[in-house]
Colleague: 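Here it is, the structure, as structure tokens.
Just so it is clear, the values below take in all heavy atoms, side chains as well, and ignore hydrogens, waters and symmetry mates.
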Amino acid sequence: MTGRIPLRVANKRAYVWDVDDLNRIRSDHRLCGLLVGTLPHLSQQNVFLGLPSQLTPEEATLLVEKEYAVFVDDANAYPEPSLSQFQQWSAEQKEYIKHQQAVLGAENTKTQEVAQLAVSEEAIRKRKERELKRQQKAMELRKLQEMEGDPVAGSELPVPIPAVNAGPSTSPTTASAHTQYNICITTPSSALSWYSPDSCTYSTIEAAQEAGIWDFPLNPQDRARYGVFKDLWEQGFFLGGGIRFGGDYLVYPGDPLRYHSHFCATVIESPTHSIKPMEIVAHGRLGTATKKTHLFCGWDDEKKTVSYLSIEWAGFG
């Protein structure tokens with residue numbers, strides 16, 4: 001199982017937590033998944049999402065069946081840590097918190113010094129302006145007294161100029177005793193020394209179903225969906241969800257980031273399944289309106305084959 005991608009299973013849903021694994025799945029195996037995680041710096045929105053990526057049941061089953069990936073029962077991969085492992089983890093957390101506090105304290109000190117210097121320069125400038133205005137008023141008063149013949153006009157009254165401290169305060173700046181810090185939770189589980197997935201890793205669909213962590217495909221409808229998905233994937237197509245366009249899958253000639261889908265596929269569970277004329281008209285009109293060809297994909301569970309019928313709306317006169 002060396003080199004196979006671990007798919008972390010929780011509540012019978014497969015997730016990919018490593019960005020390198022996600023890149024391999026998309027570039028090497030033509031499967032996209034769906035990002036469902038919250039970005040740390042944009043936590044109050046749901047437009048741009050991040051890890052983990054949730055795979056559809058068809059994608060996860062295909063990866064395991066083709067021996068590209070394995071299922072990991074993530075809930076049971078965390079045994080109780082030993083005392084030494086817990087002490088080591090606690091010491092690492094404390095060291096990380098100290099490092100954060102040291103960095104934050106240095107930044108706060110620098111910010112306070114810069115702010116204090118800016119305030120001092122502003123105070124000096126305003127003080128000089130006030131003293132200049134005071135001297136000008138004193139000179140005007142003396143000239144007025146000389147013109148009126150005041151005998152005391154010849155003697156200058158000293159204008160006291162308070163001492164100006166041009167430099168910043170030299171009092172030491174101490175950090176707050178209650179410095180805030182972040183708690184770091186590592187995304188990859190392998191960072192924890194007690195993480196042990198070996199006993200709960202399953203390399204086949206049958207083994208995962210026996211363990212009770214996976215149940216797809218469960219019924220004829222699931223088998224039909226997976227059979228159609230697998231057949232289209234083996235023909236070189238990318239597939240995505242098609243519910244927005246009235247189908248089961250959107251079929252792309254290349255990566256969805258570069259191409260628009262050419263087909264909207266609907267899965268027909270069996271060769272004897274009936275289709276109403278109104279369904280054919282609705283799918284044909286909807287596919288044409290969205291610039292796609294609608295694809296009916298009939299699954300034969302006995303022969304394990306797929307037959308295709310494409311429809312699109314055309315005008316007659």
Side-chain angles (χ1 to χ4, degrees), residues 1-78 184-192 195 197 200-205 208-209 211 213-218 222 225-226 228-230 232-234 236-245 247-261 264-265:
M1 293 187 293
T2 305
R4 295 175 67 168
I5 300 169
L7 305 181
R8 322 285 181 180
V9 179
N11 296 326
K12 297 182 180 180
R13 297 178 181 177
Y15 299 91
V16 180
W17 286 89
D18 190 276
V19 67
D20 294 328
D21 292 338
L22 186 60
N23 182 45
R24 285 178 56 192
I25 290 173
R26 191 179 191 105
S27 60
D28 297 343
H29 308 310
R30 292 180 282 107
L31 299 173
C32 301
L34 182 65
L35 294 172
V36 296
T38 302
L39 297 178
H41 297 291
L42 298 172
S43 57
Q44 301 300 319
Q45 55 82 47
N46 58 359
V47 178
F48 303 100
L49 301 178
L51 292 174
S53 175
Q54 181 180 343
L55 301 180
T56 64
E58 296 89 340
E59 291 173 331
T61 302
L62 181 65
L63 286 171
V64 175
E65 184 181 301
K66 294 293 183 180
E67 299 185 353
Y68 298 140
V70 294
F71 285 132
V72 177
D73 185 7
D74 210 43
N76 295 320
Y78 298 89
C184 179
I185 301 176
T186 56
T187 300
S189 302
S190 56
L192 301 175
Y195 179 72
C200 48
T201 298
Y202 306 96
S203 58
T204 63
I205 302 298
Q209 289 176 340
I213 68 168
W214 195 253
D215 58 3
F216 184 88
L218 181 62
D222 289 346
R225 289 177 60 89
Y226 179 64
V228 171
F229 184 93
K230 179 181 176 182
L232 290 171
W233 179 84
E234 288 177 341
F237 293 106
F238 281 74
L239 285 93
I243 190 171
R244 290 184 299 175
F245 296 90
D248 294 307
Y249 304 114
L250 290 179
V251 184
Y252 298 84
D255 193 304
L257 294 176
R258 300 180 58 190
Y259 297 91
H260 288 287
S261 58
C264 182

Colleague: Just so I know, are the side chains of I5 and V70 near enough to count as touching, which here means a heavy-atom distance under 4.5 Å?
Modeller: no

Colleague: Got a second to check how far D18's CG is from S53's OG, nearest 0.5 Å?
Modeller: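 If we round to the nearest 0.5 Å, D18:CG and S53:OG are 11.5 Å apart.
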
Colleague: Quick check for you: to the nearest 0.5 Å, what is the distance between T56 atom OG1 and L31 atom CG?
Modeller: 7.5 Å

Colleague: Report yes if the side chains of Y202 and L7 come closer than 4.5 Å at any heavy-atom pair, otherwise no.
Modeller: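 Of all side-chain heavy-atom pairs linking L7 with Y202, none is under 4.5 Å.
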
Colleague: I need the L239 CG to L62 CG distance, nearest 0.5 Å.
Modeller: 10.0 Å

Colleague: Take atom CZ of R24 as the centre, draw a 6.0 Å sphere, and report whether it contains more than 12 heavy atoms from other residues, nucleotides or ligands.
Modeller: yes

Colleague: Can you tell me how far CG of L51 sits from OG1 of T38, rounded to the nearest 0.5 angstrom?
Modeller: 11.5 Å

Colleague: Would you indicate whether I243, at its atom CD1, is surrounded by more than 12 heavy atoms from other residues, nucleotides or ligands within a distance under 6.0 Å?
Modeller: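 Counting neighbours around CD1 of I243, 12 or fewer heavy atoms of other residues, nucleotides or ligands fall under 6.0 Å, so no.
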
Colleague: Find the distance between CG (D73) and CD1 (I213) and round it off to the nearest 0.5 Å.
Modeller: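 Reported value, rounded in 0.5 Å steps: 5.0 Å.
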
Colleague: For V64 versus S203, what's the shortest heavy-atom pair and its separation?
Modeller: CG1-O, 3.5 Å

Colleague: May I ask you to test the S261-V251 pair for a side-chain heavy-atom distance under 4.5 Å?
Modeller: no

Colleague: Got a sec, which pairs hit side-chain hydrogen bond (donor to acceptor under 3.5 Å, both in side chains) with one end in residues 248-260, sequence neighbours left out?
Modeller: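 The answer is R26-D255, E58-Y249, R225-D248.
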
Colleague: Give me each pair satisfying ring pair (Phe, Tyr, Trp, His ring centres under 6.0 Å) with a member in residues 18-39, each pair once, sequence neighbours excluded.
Modeller: H29-Y68

Colleague: Taking all non-hydrogen atoms of both residues, which atom of A14 and which atom of A60 are closest, and how far apart?
Modeller: CB-CB, 3.7 Å

Colleague: Name the orientation class of the two ring planes belonging to W214 and F216 (parallel below 30°, tilted from 30 to 60°, perpendicular beyond 60°).
Modeller: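 It falls in the perpendicular class, over 60°.
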
Colleague: Under the side chain to side chain contact (heavy atoms under 4.5 Å, CB included) rule, collect the residues that match up with P6, sequence neighbours excluded.
Modeller: R8, D21, V72

Colleague: Could you report the tightest heavy-atom contact between F238 and P256, atom names first, then the distance?
Modeller: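 So the two residues come closest at CD2-CD, 3.7 Å.
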
Colleague: OG1 of T204 to CZ of F71: how many Å apart, nearest 0.5 Å?
Modeller: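 Result: 9.5 Å between the selected atoms.
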
Colleague: Is a donor on one side and an acceptor on the other found under 3.5 Å between the side chain of R13 and the backbone of Q54?
Modeller: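 Side chain of R13 to backbone of Q54: no pair is present.
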
Colleague: State which residues pass salt bridge (Lys or Arg N to Asp or Glu O under 4.0 Å) with D215; sequence neighbours excluded, sorted by chain then number.
Modeller: K12

Colleague: Please list, chain by chain and in numerical order, all residues satisfying side chain to side chain contact (heavy atoms under 4.5 Å, CB included) with L49, sequence neighbours excluded.
Modeller: L35

Colleague: Run the side-chain hydrogen bond (donor to acceptor under 3.5 Å, both in side chains) test against E65 and tell me which residues pass, sequence neighbours left out.
Modeller: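 In terms of side-chain hydrogen bond (donor to acceptor under 3.5 Å, both in side chains), with neighbours along the sequence ignored, E65 is linked to Y226, K230.
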
Colleague: Inspect the surroundings of CG in D28 and state if more than 12 heavy atoms from other residues, nucleotides or ligands are less than 6.0 Å away.
Modeller: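 Above 12, so yes.
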
